[in-house]
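By convention in this document, chain letters (A, B, ...) are assigned in the order of the sequence lines, proteins followed by strands, and residues within each chain are numbered from 1.
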There are 2 protein chains.
Amino acid sequence: MQSLRMGINEKLYLKDPESSDLGKKIIEQSILMINEMGFESFTFKKLGTAISSNESSIYRYFENKHKLLLYLASWYWGWLEYRMVFATYGIPDDERKLRKAIEILTQNVEEDNAFTHINEVILNKIVINEYSKSYLTKEVDKENKEGYFLVYKRMVNRLAEMIMAVDGDYPYPISLASTIFEGSLHQYFLQEHFPALTNCNESVTPLEYFTDLINRTLNVKPND
Amino acid sequence: MQSLRMGINEKLYLKDPESSDLGKKIIEQSILMINEMGFESFTFKKLGTAISSNESSIYRYFENKHKLLLYLASWYWGWLEYRMVFATYGIPDDERKLRKAIEILTQNVEEDNAFTHINEVILNKIVINEYSKSYLTKEVDKENKEGYFLVYKRMVNRLAEMIMAVDGDYPYPISLASTIFEGSLHQYFLQEHFPALTNCNESVTPLEYFTDLINRTLNVKPND
DNA sequence: CAAATATAAAAGTATTACTATCAATATTAT
DNA sequence: ATAATATTGATAGTAATACTTTTATATTTG
């Protein structure tokens, strides 16, 4: 589990929230609150009240709520990456491997692991609703240079490599990979708020849509 | 040109910005400023100063900057829809028609029409960087009910219908359409800020990527 | 037990996102 | 031309946000 934090840039926090009870409470409660009230309405003052702590104490862990969102996102992608690497490890067939990766990536996080202070089910919802806001900013280039998006970028690249392994001739592997990442979050969002803009529903999952898309798009090369 | 405003929900503004010089200046300058400083830093106070008017006067046109963003987005999608309908009108071949639609949709807005107060080139940049923020909110369901996203939804549906005309057996036409809409904006964003996450660059356009994707995904039915 | 460290409480600042009031100008109607 | 009306501008005010600073109080550690 420690390894999950691997890749979370140290500049995202002033003091490691995993290093104290207060830090863990900040993470735990911020996930719940951002999900409930949305990122815009969420403030450190409200968070402080909710965990019976003080605004100023939270500022000793995170510079601002934007950095906290980047931290939560990094944690999420690191967690997904771990699950993806674990689930695809040792699969010899490139096609099956890719399909497994997309399964991890696009499947709804349903079971609540709940063995840490981090609720992955709710964190997944936050990522669906708020992740774009973490990079659609004027500071994105500077923050990218600082390495705040490394975990996400590494994951998209992993998928692109799996795509290339299946069809080395496909000319847009990295665009397809980033489309699946962004598109998966988007289809879940549409399912909830704009059902008329997606074919995904209770019986059709984003996994099916994207698996089908991959099948149609890639030419499986014969085993050599 | 008047027809462009068709579909812009009247509840998005308190007073029609097209009905006065001040209103037009608000639209013109807000596009420039949101592009320059980003939506978060943009305020009505700054806008007022920039156009030598007053904060309170701007509030007589728009309730808040969120509604202004929704207005600009509606204008943009209405403009694109007009261009798309115009460009595809009368094309008898379904495949060519679909390809033309995707061309309009994904091609970079390069030429500055500049015959109104609205700079479409810059507005396109705003849509790439800020559009998601207009619906990734806690109020999205209420605002959707109010009809603030109608133009966009109509456009996605138009594309889905063209997809169905080409391949009536394809099971995910509306998901594919929404993927292309969102994905096109996303690929442009990546090209600028995360070039390692896209195959699009100076020589490869999102149009080529999505045209290829459509070609691979849809089975063209023989003319009957 | 003393020293260091972490947290809490309180107060303060600048800015945002408005609202309200009133005066100054245009515009329009008679 | 004048009165009535609508529009805009200027000013002030409020509550909340996004912090920073200072001081006091716990808690931990050596």
Side-chain angles (χ1 to χ4, degrees), chain A residues 10-30 33-34 36-72 117 130 133-134 136-139 142-143, chain B residues 10-30 33-34 36-72 117 130 133-134 136-139 142-143:
Chain A
E10 292 188 2
K11 281 176 238 153
L12 284 178
Y13 47 80
L14 298 168
K15 180 181 164 147
D16 186 354
E18 291 293 327
S19 72
S20 73
D21 279 355
L22 179 60
K24 283 176 202 157
K25 265 200 244 170
I26 289 172
I27 299 302
E28 179 176 25
Q29 188 62 28
S30 68
M33 285 182 86
I34 292 172
E36 275 163 32
M37 59 179 65
F39 188 65
E40 279 70 38
S41 300
F42 168 79
T43 70
F44 280 181
K45 184 156 202 174
K46 289 174 188 170
L47 175 59
T49 304
I51 59 177
S52 312
S53 176
N54 199 272
E55 204 186 359
S56 60
S57 303
I58 297 163
Y59 274 107
R60 285 202 199 85
Y61 285 83
F62 292 99
E63 271 179 68
N64 50 55
K65 68 176 179 174
H66 177 244
K67 289 262 174 97
L68 171 59
L69 179 61
L70 288 169
Y71 177 92
L72 294 177
H117 50 293
E130 321 285 359
K133 298 171 192 169
S134 77
L136 293 177
T137 68
K138 277 288 161 186
E139 295 76 36
K142 201 186 60 193
E143 297 187 344
Chain B
E10 292 187 3
K11 282 176 238 151
L12 284 178
Y13 47 79
L14 298 167
K15 181 181 164 146
D16 185 354
E18 290 293 325
S19 72
S20 73
D21 279 354
L22 179 59
K24 283 175 202 158
K25 265 200 244 171
I26 289 172
I27 299 302
E28 179 177 24
Q29 187 63 29
S30 67
M33 286 182 85
I34 291 171
E36 274 163 32
M37 60 179 65
F39 188 66
E40 279 70 38
S41 300
F42 169 80
T43 71
F44 280 180
K45 184 154 204 177
K46 290 173 187 170
L47 175 59
T49 305
I51 59 177
S52 311
S53 178
N54 199 272
E55 202 186 0
S56 59
S57 301
I58 297 163
Y59 274 106
R60 286 200 196 89
Y61 285 82
F62 292 98
E63 274 178 68
N64 50 55
K65 66 176 181 175
H66 177 242
K67 288 261 174 96
L68 172 58
L69 180 61
L70 288 169
Y71 178 92
L72 294 177
H117 49 291
E130 321 285 359
K133 298 171 192 169
S134 78
L136 293 177
T137 69
K138 278 287 161 187
E139 295 76 35
K142 202 186 62 197
E143 297 187 345

Checklist entry - Got a sec? Which of residues 37-53 of chain B come in under 4.0 Å of DNA chain C, heavy atoms? => result T43(B), K46(B)
Checklist outcome for this item: Rounded to whole Å, CD1 of I26(A) lies from C1' of dA6(C) at a distance of 12 Å
Item to check | Separation of dT19(C) C1' from I58(B) CD1 (nearest whole Å) | outcome: 15 Å
Checklist entry - Given atom CG of L14(A) and atom C1' of dT7(C), what is their separation to the nearest angstrom? => result 15 Å
Next on the checklist: How many whole angstroms separate atom CD of E63(A) from atom P of dT21(D)?
Outcome noted: 13 Å
Next on the checklist: Without decimals, in angstroms, what is the distance between D16(A) CG and dT5(C) C1'?
Outcome noted: 17 Å
Item to check | Distance in Å, H66(A) NE2 paired with E143(A) CD, rounded so as to fall on 0.5 Å steps | outcome: 4.5 Å
Checklist entry - Checking K133(A) side chain against L136(B) main chain: does a donor-acceptor pair fall under 3.5 Å? => result yes
Checklist entry - What's the verdict on salt bridge (Lys or Arg N to Asp or Glu O under 4.0 Å) for K25(A) and E28(A), showing C-alpha distance, side-chain angles and the deciding distance? => result CA-CA 5 Å; K25(A) 265 200 244 170; E28(A) 179 176 25; over 6 Å; no
Next on the checklist: Tell me whether the side-chain N/O atoms of S20(B) come closer than 4.0 Å to OP1 or OP2 in dT8(D).
Outcome noted: yes
Checklist entry - Do the numbers put K65(A) on top of the ring of F39(A), so that NZ or CZ is under 6.0 Å from the six-membered ring centre and no more than 45° off the axis? => result yes
Item to check | Rounded distance in Å - NZ (K67(B)) to C1' (dC18(C)) | outcome: 14 Å
Item to check | Residue K15(A), side-chain atoms from C-beta onward, closest of dC19(D), dT8(D), dA6(C) | outcome: dA6(C)
Item to check | Under 4.0 angstrom between K65(A) side-chain N/O and dC19(D) OP1 or OP2 | outcome: no
Next on the checklist: Can a side-chain donor-acceptor contact be found between H117(B) and E18(B) if the only test is distance below 3.5 angstrom?
Outcome noted: yes
Checklist outcome for this item: Atom CG of L68(B) and atom C1' of dA17(C) are separated, to the nearest Å, by 14 Å
Item to check | From dG9(D), dA17(C), dA9(C), nucleotide with atom closest to S56(B) side chain | outcome: dG9(D)
Checklist entry - Separation of R60(B) atom CZ from dA20(C) atom C1', in whole Å? => result 10 Å
Checklist outcome for this item: Quick note, E55(A) side chain, CB onward, closest among dG9(D), dA10(C), dC19(D) is dC19(D)
Next on the checklist: Quick check on dT7(C): is either OP1 or OP2 less than 4.0 Å from any side-chain nitrogen or oxygen of Y61(A)?
Outcome noted: yes
Next on the checklist: So, taking the atom named OG in S53(B) and the one named CG in L22(B), what distance separates them when rounded to the nearest 0.5 Å?
Outcome noted: 4.5 Å
Next on the checklist: Please check this pair: side chain of K138(A) against backbone of S41(B), looking for a donor-acceptor N/O pair closer than 3.5 Å.
Outcome noted: no
